[in-house]
**Q** 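Quick one: the structure is below, questions incoming.
Below, all heavy atoms of this structure are taken into account, side chains as well, without hydrogens, waters or symmetry copies. Sequence positions, counted from 1, serve as the residue numbers for this chain.
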Amino acid sequence: MPAKSFTLAAAQVEPVYHDKEGTLDKTCRYIEQAGRDGADIVVFPETYFPGYPYWRGSVSISRWTDLMVDLQKNSLHVDDEAIEILGEAVAEADLTLVLGTNEISDRQGSETLYNSLFYFDNTGELMGRHRKLMPTHEERAIWGRGDPSSLATYETDSADSAASSAMRTT
């Protein structure tokens, strides 16, 4: 019989803005803490990794360009070593992770960024990602459009099988 409850941790923390290594270290510490506190799932906010581009629309074009390049350099890629490190932290904590991230495209030659969610199961495996389907208004200058192929439901082996129902994307 499926469990009737699970423990969800909402990580309301700020990243180490535009610092991939610093954000990775901080994220792993919060994953470890959530595991120690008994969380079955921990969720980080939209574009947590490596930060939301609040600077858009408020700086000169040359500064905007520099910040955009910096954002791309510090964003995650599905084949990034950071994914393995996050996976190890998730497996050690024995929880499911939903990580809001700026994702650099895995398409050869593309520098497109996506506003994505990465889903890790409790073994640390990256189960999949969901790219925001339609960035709104000014967001379109930063992120590309996702597509429906990333809409999925993920089964998990979390201690409480109710966690599986929380892994649906919309």
Side-chain angles (χ1 to χ4, degrees), residues 1-54 71 73-106 113-136 139 142-143 146 148-170:
M1 176 174 195
K4 298 202 185 284
S5 67
F6 62 93
T7 302
L8 172 71
Q12 293 185 290
V13 297
E14 63 186 31
V16 181
Y17 199 69
H18 281 212
D19 180 345
K20 182 187 260 185
E21 296 304 318
T23 301
L24 178 62
D25 182 58
K26 186 174 187 176
T27 306
C28 289
R29 287 194 322 265
Y30 274 90
I31 291 168
E32 291 164 7
Q33 182 65 49
R36 283 193 302 272
D37 290 345
D40 297 303
I41 300 173
V42 63
V43 180
F44 286 80
E46 177 182 61
T47 68
Y48 162 78
F49 207 107
Y52 189 85
Y54 291 106
L71 181 63
K73 282 191 229 175
N74 287 282
S75 293
L76 293 180
H77 182 281
V78 291
D79 294 326
D80 197 310
E81 180 183 356
I83 299 300
E84 291 179 37
I85 294 167
L86 288 164
E88 290 168 6
V90 167
E92 181 69 27
D94 190 28
L95 51 72
T96 300
L97 171 66
V98 181
L99 180 68
T101 185
N102 288 281
E103 175 199 4
I104 193 82
S105 178
D106 54 342
L113 282 178
Y114 296 96
N115 180 340
S116 298
L117 293 173
F118 283 2
Y119 299 93
F120 292 80
D121 69 14
N122 68 321
T123 68
E125 181 180 338
L126 178 63
M127 295 184 290
R129 64 181 171 212
H130 169 65
R131 292 174 171 169
K132 187 173 186 176
L133 295 178
M134 178 59 75
T136 59
E139 291 181 347
I142 306 291
W143 298 295
S149 69
S150 69
L151 296 174
T153 302
Y154 301 101
E155 294 293 326
T156 67
D157 290 330
S158 294
D160 292 314
S161 59
S164 296
S165 65
M167 298 302 294
R168 292 187 180 91
T169 62
T170 58

**Q** Side chain of Asp40, backbone of Leu8: donor and acceptor closer than 3.5 Å?
**A**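 Between the backbone of Leu8 and the side chain of Asp40 there is no qualifying donor-acceptor contact (under 3.5 Å).
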
**Q** Is the shortest heavy-atom distance from the side chain of Glu103 to the side chain of Leu76 under 4.5 Å?
**A**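 No, side chains not in contact.
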
**Q** Does Arg131 make a cation-pi contact with Tyr114 (under 6.0 Å, within 45 degrees of the axis)?
**A**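 Relative to the ring axis of Tyr114, which defines the angle, Arg131 lies inside both limits.
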
**Q** Please list, one pair per line, the donor and acceptor atoms closer than 3.5 Å that link side chains of residues 28-36 to other protein atoms, with sequence neighbours excluded.
**A**
residue, atom, partner, partner atom, Å
Arg29, NH1, Asp25, OD2, 2.6
Gln33, OE1, Arg36, NH2, 2.7
Gln33, NE2, Asp37, OD1, 2.9
Gln33, NE2, Asp37, OD2, 3.1

**Q** Please check this pair: side chain of Asn122 against backbone of Asp94, looking for a donor-acceptor N/O pair closer than 3.5 Å.
**A**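 No, because the side chain of Asn122 does not come within donor-acceptor range (under 3.5 Å) of the backbone of Asp94.
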
**Q** Would Leu95 and Phe120 satisfy side chain to side chain contact (heavy atoms under 4.5 Å, CB included), going step by step from the backbone distance to the final call?
**A** CA-CA 9 Å; Leu95 51 72; Phe120 292 80; over 6 Å; no

**Q** Might you point out which heavy atoms bring Tyr17 and Pro53 nearest each other, and give the distance in Å?
**A**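 Reported closest heavy-atom pair: OH-CA, 3.5 Å.
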
**Q** For the OH atom of Tyr119 and the CE atom of Met127, what is their distance to the nearest 0.5 Å?
**A**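 One finds 8.5 Å between OH of Tyr119 and CE of Met127.
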
**Q** How close do Pro45 and Ala11 get, heavy atom to heavy atom, and via which atoms?
**A**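 Residues Pro45 and Ala11, closest heavy atoms: CD-O, 3.2 Å.
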
**Q** For the residue pair Phe118 and Val78, establish whether any side-chain heavy-atom pair is separated by less than 4.5 Å.
**A**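 Yes - at least one pair of side-chain heavy atoms lies under 4.5 Å apart.
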
**Q** Hey, what do you get for CG (Leu24) to CD (Glu81), rounding to the nearest 0.5 Å?
**A**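 If we round to the nearest 0.5 Å, Leu24:CG and Glu81:CD are 8.5 Å apart.
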
**Q** For the residue pair Glu139 and Tyr52, confirm or rule out a side-chain donor-acceptor distance under 3.5 Å.
**A**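 Yes - a donor-acceptor pair under 3.5 Å links their side chains.
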
**Q** Check whether Thr96 reaches the backbone of Asp121 with its side chain - one donor and one acceptor, N or O, closer than 3.5 Å.
**A**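 Not confirmed, Thr96 side chain does not pair with Asp121 backbone.
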
**Q** About how many Å separate CG of Leu126 and OG1 of Thr123, when rounded to the nearest 0.5 Å?
**A**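 It comes to 10.5 Å.
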
**Q** Measuring from atom CZ of Phe49 to atom NE2 of His18, what distance do you get when rounded to the nearest 0.5 angstrom?
**A**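 Interatomic distance, Phe49 CZ to His18 NE2, rounded to 0.5 Å: 12.0 Å.
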
**Q** Take atom CD of Glu46 as the centre, draw a 6.0 Å sphere, and report whether it contains more than 12 heavy atoms from other residues, nucleotides or ligands.
**A**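 Yes, CD of Glu46 has more than 12 neighbouring heavy atoms, counting only those of other groups under 6.0 Å.
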
**Q** Does a side-chain heavy-atom distance below 4.5 Å link Pro50 with Asn102?
**A**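 Yes - at least one pair of side-chain heavy atoms lies under 4.5 Å apart.
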
**Q** Given His130, which partner from the list Ser149, Ser116, Ser150 fulfils the side chain to side chain donor-acceptor pair (under 3.5 Å) test?
**A**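 Exactly one pass, corresponding to Ser150.
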
**Q** Could you measure the distance from the CG atom of Leu113 to the OG atom of Ser75? Nearest 0.5 Å is fine.
**A**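 Between Leu113 CG and Ser75 OG, I get 4.5 Å after rounding to 0.5 Å.
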
**Q** Write out all pairs satisfying salt bridge (Lys or Arg N to Asp or Glu O under 4.0 Å) with one or both partners inside residues 14-24, taking only residues at least two apart or from two chains.
**A**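 For residues 14-24: Lys20-Asp80.
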
**Q** Of all heavy-atom pairs between Leu133 and Pro148, which one has the smallest distance, and what is that distance?
**A**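 Where Leu133 meets Pro148 most closely, the heavy atoms are CD2-N, 3.8 Å.
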
**Q** Would you give the length of the straight line joining atom CZ of Phe44 to atom OG1 of Thr27, rounded to the nearest 0.5 angstrom?
**A**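 Going from the CZ atom of Phe44 to the OG1 atom of Thr27 covers 5.0 Å.
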
**Q** Is the shortest heavy-atom distance from the side chain of Ile142 to the side chain of Leu71 under 4.5 Å?
**A**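 With C-beta onward as the side chain, the pair touches.
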
**Q** For a quick test of reading the model, state the closest non-hydrogen atom pair linking His77 to Ile83 and the distance between them.
**A**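 Smallest heavy-atom distance, with atoms named: O-CG1, 3.4 Å.
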
